[in-house]
Every structure is written in structure tokens, then in C-alpha cells.
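Working notes, structure below.
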Amino acid sequence: MFNFLHGERTRVQLALITVQLGYGVYYVLTKAAMSGGVNRFVFAVYRDAIALCLLGPLAFFSERNIRTPLTVPIGLLILALGFMGIFLQQTLFLAGLAYTNTAFAAAMQNAIPVFTFMIAVVCKFEVIRLNKPDGMAKVVGICSAVAGAFTMCLYKGQTLFGTDSSSEQEQAFEVVAKTGAEGWLVSTLLSYGVDYWQMGALCLVANCVCMGIYTNLQIPALKRFPAPVSLSASSIFVGSMCLLITGLSSVSQASDWILHSPGTIVSVVYAGAVASGLNFSLQTWANQRGGPVLVAAYIPLQTVFSAVLGVVILNDPLYLGSVIGAVLILIGLYLVIWGQRLHRLSKERDCLATPFEGVEEDLKAPLLQNQGEESTYGTIRR
């Protein structure tokens, strides 16, 4: 009955679908928890603590033979990874989710591979060949994704699904006050006419940029410290310490650190165990067997899962601007993936052609010049 699961490609695809469904549920549970009054720093600290409890022992026992000694450059890279990829990325994402909704936040995550590629080009990790089809595809894809991100930030449009409450700004302010997201920056942006939705969109764009920087910083880090699970666990530890310090300084009431409702506890445990623990393991396993292009191709599924679950469970509205921006980002994502595939195939063809560069010259000037020359193997005739 389950013979179709015996194929490795099928198992990889099922794993990637499970990962995106897991993220879709994570967005809905996190939005519900923060709407219930959970401080975002408290939520992030508990999530990272649970993830550390899972990844710490795994890293210690599975990578004890491949970890290199901790040096100053490696330590600085781990600090940068923890600050950018854990602390800033999670803080901006949770703030953006509080100001917008699950479908919007999930749709914006599709821009992460494109921003990652843009930063890789700047850092000379990737190359754009403007005179080749793969280079043009990458450029058009980047422009499309950036245009989609700006569309989602600046244009909301009419409501397609869900309920758009007339008091949405007041509800957003209430959520902000509950989750401790109010501050001088928020007040300054509000004074310049930026509403909460646009503020959330900007936070999500910044979250994507931070994730792109985090992904590219992993390249030099893994060259010096070739233990991916240990590197991730160390980064989470640094980020969780930054979150803990920020949370202790901004959360004045000790009661805010206590999770009262069962739903909130489930959300936090799910975020740490599934969104950080299980999904990390499944993505790493799928990346080893299917490659990064296949992993990136499944990212848009989390938008679909989040939109459906958000509308059904939370009655979140889905706006026309979000759909238009998401479509532009998806077009950009697949153009960049297609361009990378073309570039990889071109490099493979060049590698295959290299050993035979001298064949044509050998045919023009053969080693055996005289017809009918006697050799050890007999007479050679042409």
C-alpha cells in the first residue's frame, strides 16, 4: 500500500511538503499567541530554549569528531550569525506578524531566496553573467521580487477573503501594546503617516534581508567550522541570550514571563520543537538529497497553507495587494532558480568539454604520419 514511499525522491518531496505545512501552522499559532497578549521577546526566548534542548545534545553527540577548535574568527562569525539570523530576524518577523497577518507574513518569506542571492552577488559568492540567458533571468527575477515586496508594502487593495474590520488600526495598536512592540521608532513612523500595516511589511522585508545575510555568513563559517548542527546550536544560543537581555530590559512585569493559557504553551512548544527542531532536521536531510534548488522551490507552499489556515481559523483578511505582490515574488523566485539551474548546467558542460580540447588538433596533426607504416600491432591503413 505504501510502496510509493520507497523512492527517495518521493520521500524528499513529502519531507519538504511537511516542512512547509509545519511553517504554515507555526504562523497561525504564533499570531494567535501574540494576539492573546504574549510578549514577542518572551515567545522567542522560550522557542529558542526549546530548540537548544533539542539541537544541543544532537550536535554534541553527532558532531564530536568533526568540530574544529573554537578560534577568534569562528567566534566572531557565530556572534554575527546569532545576532543577525536569530535575534534580529526573529524580532523583526514577530513584529511584522503582529502588525499584519499570517498570509501576508508567509507570502513575504518567498523573497528570502532572492534576497539571499542578491547578497551573495554583492559578496562575490555568486556571479551574474549579463551576456548570458541565465544572467538575464537572474536580473529579471531579482527586479520582479523587489517589485513584489514594494507592492506588498505600499498597496493593500480590496479584501478578497476573510473579514476586514473597520477598527483594524485600533486592534493593531492593542496587539502592539500587549506584545511590547511600541517604541520610539514606531512612534516616529506613525508621526510620518506610516500605518501599522506598512510598518509590519517593512519589518518583514528587513527580516528577509537579515535571513539572507545569515545564510551567506554560513558559507565562511562552515568552511572554518564544518559542523552545521553545532554551528546552528551556537548561533541560537547567542541569539537567545540577546533576546533574553532585551526581554528582561523591556518586560517590566514578572507575570509576563508566565504562560497562562494552554494554547499559548502549545504555540511555544510547537515553535521550538517543530518550527526550529523538526523542520531544521528535515530541511537539512532534503537539502543533502535534493539540493538547494528543490528546497527553495517548495517555499511557496507555506504561503498557501498559511493563507488557508489563517482565513479558516483566524478569519484573517486576504488583500489584493498581497496577492499581486506574492505573484511577483514567486515569478522572481522561479526566475532566479531557473537562472541558477542554467548556470549550473553550463558549468557542467564546460567541465565535460575540457578534457577533449586537444582532440581537434590531434585529428589535424596525427602522431602517425605515414600511411601503411609498420607497427607492433601490424600495418596501419587509412
Side-chain angles (χ1 to χ4, degrees), residues 16-17 19-21 23-24 26-28 31 89 92-93 95-97 99-122 126 128 134-162 197-216 283 292-311 316-342:
L16 290 173
I17 293 173
V19 167
Q20 304 312 324
L21 177 59
Y23 280 129
Y26 162 69
Y27 295 147
V28 173
K31 176 69 174 181
Q89 184 265 333
L92 290 167
F93 173 77
L97 183 61
Y99 295 133
T100 57
N101 60 36
T102 55
F104 186 94
M108 190 65 80
Q109 301 308 296
N110 295 310
I112 289 177
V114 181
F115 282 115
T116 302
F117 179 76
M118 289 173 58
I119 296 168
V121 171
V122 174
E126 292 280 353
I128 294 182
D134 58 277
M136 293 303 298
K138 293 174 183 178
V139 171
V140 175
I142 290 172
C143 293
S144 177
V146 171
F150 274 104
T151 300
M152 295 177 73
C153 290
L154 303 175
Y155 175 66
K156 182 181 288 187
Q158 65 184 14
T159 306
L160 301 179
F161 299 102
W197 185 270
Q198 292 172 333
M199 208 179 304
L202 291 173
C203 286
L204 290 171
V205 171
N207 150 72
C208 293
V209 174
C210 287
M211 199 62 193
I213 295 173
Y214 172 77
T215 304
N216 281 285
Q283 275 188 311
V293 173
L294 183 64
V295 173
Y298 276 80
I299 290 178
L301 279 180
Q302 68 180 255
T303 305
V304 178
F305 291 135
S306 299
V308 172
L309 293 172
V311 171
D316 277 346
L318 182 63
Y319 298 105
L320 177 62
S322 301
V323 174
I324 295 174
V327 169
L328 289 173
I329 290 174
L330 289 178
I331 292 173
L333 171 64
Y334 283 115
L335 281 174
V336 170
I337 291 174
W338 181 58
Q340 288 179 303
R341 178 174 174 79
L342 287 179

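Everything numeric in this text was worked out from a predicted model, so none of it was measured.
- To the nearest 0.5 Å, atom CD of residue Q198 and atom OG1 of residue T100 are 12.5 Å apart.
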(Q) Checking V205 against F150 for the side chain to side chain contact (heavy atoms under 4.5 Å, CB included) test, could you report, in this order, the C-alpha distance in whole Å, the side-chain angles of both residues, the deciding distance, and whether it holds? (A) CA-CA 9 Å; V205 171; F150 274 104; over 6 Å; no

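- Considering only residues two or more places apart in sequence or on other chains, N207 meets the side-chain hydrogen bond (donor to acceptor under 3.5 Å, both in side chains) condition with Q89, Q109.
- Pairing each heavy atom of S306 with each of V28, the nearest pair is O-CG2, 4.4 Å.
- Listed for the K31 side chain is a donor-acceptor partner under 3.5 Å among the backbone atoms of L97.
- In this structure, the side chains of M118 and V146 come closer than 4.5 Å at one or more pairs of heavy atoms.
- In terms of heavy-atom proximity, L342 sits nearest to D134 at CB-CB, 3.6 Å.
- In this structure, the side chain to side chain contact (heavy atoms under 4.5 Å, CB included) partners of L301, at least two apart in sequence or on a different chain, are I17, Q20, Y298, F305.
- Nearest approach of A105 to F93, heavy atoms of both residues: CB-CE1, 4.1 Å.
- To the nearest 0.5 Å, atom CG of residue L309 and atom CG of residue L21 are 7.0 Å apart.
- Checked against side-chain hydrogen bond (donor to acceptor under 3.5 Å, both in side chains), T303 has the following partners two or more places apart in sequence or in another chain: N110.
- The shortest heavy-atom contact between A326 and A107 is CB-CB, 3.9 Å.
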Q. Would M211 and T116 count as a side chain to side chain contact (heavy atoms under 4.5 Å, CB included) if you check the C-alpha gap in whole Å, the side-chain angles of each, and the deciding distance to 0.1 Å?
A. CA-CA 7 Å; M211 199 62 193; T116 302; 5.8 Å; no

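- Listed here is the closest heavy atom pair of A201 and M152: CB-O, 4.2 Å.
- The closest side-chain heavy-atom distance from C210 to L92 is below 4.5 Å.
- In terms of the ring-ring contact (aromatic ring centres under 6.0 Å, His included) criterion, Y214 has no residue partners (sequence neighbours excluded).
- Nearest heavy atoms, W197 versus S322: CZ2-OG, 4.1 Å.
- Scanning for side-chain hydrogen bond (donor to acceptor under 3.5 Å, both in side chains) contacts around N216 gives an empty result, with sequence neighbours left out.
- Residues satisfying the ring-ring contact (aromatic ring centres under 6.0 Å, His included) criterion with F115, sequence neighbours excluded, are absent altogether.
- Side-chain atoms of Y26 and Q302 include no donor-acceptor pair closer than 3.5 Å.
- With contacts defined as side-chain heavy-atom distances shorter than 4.5 Å, the pair V114/F117 does not qualify.
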